[in-house]
Peer 1: 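Structure below; questions to follow.
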Amino acid sequence: MPPQLSTGALLRIMKDEKVPEPIVQILQSKKINCNSDKERYRLLISDGKYQISHAMLTGVSGVENFSIIKMKQYHLSELSSSQKINKILLIIGMEVLCSMDEKIGNPEQLTDQVIASHSSSEAKPVTNTVQSVPEQPRDLNQSLNQSLSESRVISQISALTPYHNKWVIKARVSNKSQMRTWSNSRGEGKLFSVDLMDESGEIRCTAFRDLADKYFNYLQVDKVYYFSKCQLKPANKQFNTLKNDYEMTIGNETVIEECLNDDGLVPQVKYSFVPISSVAELAVGALIDVIGVCKEVSDIQNFTSRTTNREMTKRDVILVDQSKTSITLTLWGSQAESFDGVNNPVVLVRGAKVGEFGGGKTLSTVMSSQMKINPDIQECHKIKGWFDLEGKESDVKNLSERTGSGSFQSQWLYLKEVQDKGLGNSERGDYFQTLATVLLMRSENAIYKACPTPDCNKKVVDLENGMYRCEKCNREYPNFKYRLLVSMNIGDFSGNQWVSVFSGEAEKILGKTSQEVGLAMEDNSEAGTAIFQNANFKQFIFKCRAKVETYNDEQRLKIVVVNVENVDYEKHSGQLCKEIAELTGISA
DNA sequence: CCCCCCCC
């Protein structure tokens, strides 16, 4: 004997009545969003008297025709007026009671006319209020914790859709991005995002501008929060790899409250640690979780990205684990600056990106990576114990070692060879390094007024009214920053060469910041030019990029210094010995 | 409303 259908329930539901757990029959289902990994079905359902076709089911992996279900959680969603159907019944939670072979009764199509023909006085008030969706607290200051603990229904992340906005989720922050600013033709601002998870799935949630400020410190990784009234929209799969078709945005009406009694029902962030030795087999671009002991750290390095023209800060951290393999992990920006490698901390990175350089594998943090230092988890204690007892002294294989003989490791050249070898005809340009002496740094046109926006170094136009215009940012600023672009002649025994050097590297040669040089030039050009003269006859190792450029129909070799280092003569003598061995055929 | 994820 099949369960009794809740005859007439669909009519009452369509009239916005709350009907507790109605029992209906599924007459037909059609899978929609077939390209998605989360399934959604359009349903034709019947309560025995009426049938409706604008019903939708989410968060299940399939449903059989004619089965009888109990709608445990549902929501009547209003669609925008441009839609023909203006109400959709979303079934968010259900239980299959039994399967059937055929339709029960002969239900009538529940049209708008049928609904309208039943006046509201006819409907019986429902007192048994098992609500399908919890009411939002009227007073938003009222504790959500309090109201939610009394409420029975928390939506699952996997059931959230843009058609349904009366939900509360209880989710753990698994990841929080850094605060980031943007500036483009459509405007500028700042944002950050958190990744949220519950037992059903995950979703990204982003806050912009003042709301980013409001929530940035409040939302913390690993804590559990109630979220409601965020705006859902389709996820941009190009940038968001979370398993959800939607992502959400925090709005002014959003309510977020920390769940103070984390009952353990929301799963913890899980890590899938990859042994460092296994990174050898992974594809470039893969995102992995890794845990290792920081064996060594490099100094901070500043440089200008050639592709984005941005000033970059990085630091390399050498990680080692029980696979007796080490790998270089590159940290960026403030994370690079604040990293402290003293006492061999354990470093955990969730979502580190696998890279390749010179034939060796590397790791790098990306925006979505989450780093933890000495996390209080078992793996951390284990690896630290291993390192202290054994790992510290073990021989390790360095996975980041550069194996490729030539192309990545820039070749050593003398300046005459730079000309003779016909460098600079490849697409990327040709790199070389050379030990040379600064013969002349031109102070003329060496300094310029640049856009004050971090990462935009475009020369500004002085509007002579106290404002400076950046064409790239398409806006005016009351200030600017000084930048260097110095034309410099360097020489060695074989010849000399004009090269260009930008702020980051020029500062190393001049021993002054661009700002200091700019102010000196502005105040007193003699003191300014003295800064440039002081650099003459200093020796450095210059890493350069040579590229042939066409200028006024004329081809000329343009050389840019990409890195300047002080000469380590002991180390350099090794290079000289190598050259002698090659020239003489006698190995050292 | 971002969407860059980098360098040798």
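Per chain, numbering begins at 1; letters A, B, ... match sequence-line order. Being a predicted model, the structure only gives us computed values, none of them experimental.
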Peer 1: Under 6.0 Å between ring centres, would you say that holds for A:Tyr414 and A:Phe493?
Peer 2: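 They qualify: ring centres under 6.0 Å apart.
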Peer 1: Looking for any heavy atom pair under 4.0 Å, which part of the strands does A:Thr330 touch: base, sugar-phosphate only, or nothing?
Peer 2: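 Base: the residue A:Thr330, judged by heavy atoms under 4.0 Å, touches a nucleobase.
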Peer 1: Counting side-chain heavy atoms from CB outward, which of B:dC3, B:dC1, B:dC7 is closest to A:Trp332?
Peer 2: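 From the listed options, B:dC7 comes nearest.
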Peer 1: Please identify each residue that fulfils ring-ring contact (aromatic ring centres under 6.0 Å, His included) with A:Phe192, with sequence neighbours left out.
Peer 2: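 Partners of A:Phe192 by the ring-ring contact (aromatic ring centres under 6.0 Å, His included) criterion, ordered by chain and then number, come out as A:Phe216.
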Peer 1: Can you identify which nucleotide, out of B:dC5, B:dC7, B:dC1, has its nearest atom closest to the A:Lys314 side chain?
Peer 2: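 That would be B:dC7.
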Peer 1: Quick one: list whatever passes side-chain contact (heavy atoms from CB on, under 4.5 Å) with A:Glu476, sequence neighbours left out.
Peer 2: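 Result, side-chain contact (heavy atoms from CB on, under 4.5 Å) vs A:Glu476: A:Leu463, A:Met467, A:Arg469.
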Peer 1: Can you check the A:Gln178 CD to B:dC6 P distance for me, whole Å?
Peer 2: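 Answer to the nearest Å: 14 Å.
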Peer 1: Can the ring centroids of A:Tyr225 and A:Tyr218 be said to lie less than 6.0 angstrom from one another?
Peer 2: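 Yes, ring centres under 6.0 Å apart.
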Peer 1: Could you give the CZ-to-P distance, from A:Arg204 to B:dC1, as a whole number of Å?
Peer 2: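 After rounding, the gap between these two atoms is 14 Å.
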Peer 1: Between A:Trp167 and A:Tyr226, is the gap from one ring center to the other below 6.0 Å?
Peer 2: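 For A:Trp167 and A:Tyr226, the ring centres are not under 6.0 Å apart.
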Peer 1: Using whole Å, report how far CE of A:Met179 lies from C1' of B:dC4.
Peer 2: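 My rounded result for the distance is 17 Å.
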Peer 1: Starting at NZ of A:Lys353 and ending at C1' of B:dC7, how long is that distance when rounded to a whole Å?
Peer 2: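 In whole Å, B:dC7 C1' lies 13 Å from A:Lys353 NZ.
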Peer 1: Quick one: is A:Arg186 getting a side-chain N or O under 4.0 Å of the B:dC2 phosphate, OP1 or OP2?
Peer 2: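 For B:dC2, OP1/OP2 do have a side-chain N/O of A:Arg186 under 4.0 Å.
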Peer 1: Tell me which nucleotide among B:dC3, B:dC1, B:dC7 gets nearest to the side chain of A:Arg209.
Peer 2: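 Between B:dC3, B:dC1, B:dC7, the one nearest the side chain of A:Arg209 would be B:dC1.
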Peer 1: Name the closest nucleotide to the A:Met367 side chain, picking from B:dC2, B:dC7, B:dC4.
Peer 2: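 Of all the options, the side chain of A:Met367 is nearest to B:dC4.
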Peer 1: Take the protein atom CZ of A:Phe239 and the nucleotide atom P of B:dC1, then report the distance between them rounded to whole Å.
Peer 2: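 After rounding, the reported distance stands at 11 Å.
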Peer 1: Tell me the interatomic distance from A:Leu191, atom CG, to B:dC5, atom C1', rounded to whole angstroms.
Peer 2: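 Nearest whole value for this atom pair: 13 Å.
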Peer 1: Under 4.0 Å, heavy atoms only, any strand: does A:Lys190 hit a base, just the sugar-phosphate, or nothing?
Peer 2: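 The answer is nothing, as A:Lys190 stays clear of every strand by at least 4.0 Å.
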Peer 1: To the side chain of A:Phe357, which of B:dC8, B:dC2, B:dC5 is closest?
Peer 2: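 Of all the options, the side chain of A:Phe357 is nearest to B:dC8.
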Peer 1: Is A:Trp182 stacked on the base of B:dC2, with ring centres under 5.5 Å apart and planes under 30° apart?
Peer 2: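 It does not: the two rings, one from A:Trp182 and one from B:dC2, miss the stacking criterion.
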Peer 1: Roughly how many Å is it from CG in A:Leu331 to P in B:dC6, rounded to a whole number?
Peer 2: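 Taking atom P of B:dC6 as the reference, CG of A:Leu331 is at 14 Å.
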Peer 1: Tell me the interatomic distance from A:Asn236, atom CG, to B:dC1, atom C1', rounded to whole angstroms.
Peer 2: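 Nearest whole value for this atom pair: 13 Å.
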Peer 1: When all nucleic acid strands are considered with a 4.0 Å heavy-atom cut-off, which category describes A:Glu247: base, sugar-phosphate, or nothing?
Peer 2: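 Base, at least one base atom sits under 4.0 Å.
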Peer 1: With no angle test and no hydrogens, is the base of B:dC8 tied to the side chain of A:Lys543 by a donor-acceptor pair under 3.5 Å?
Peer 2: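 Checked by distance alone, the answer is no.
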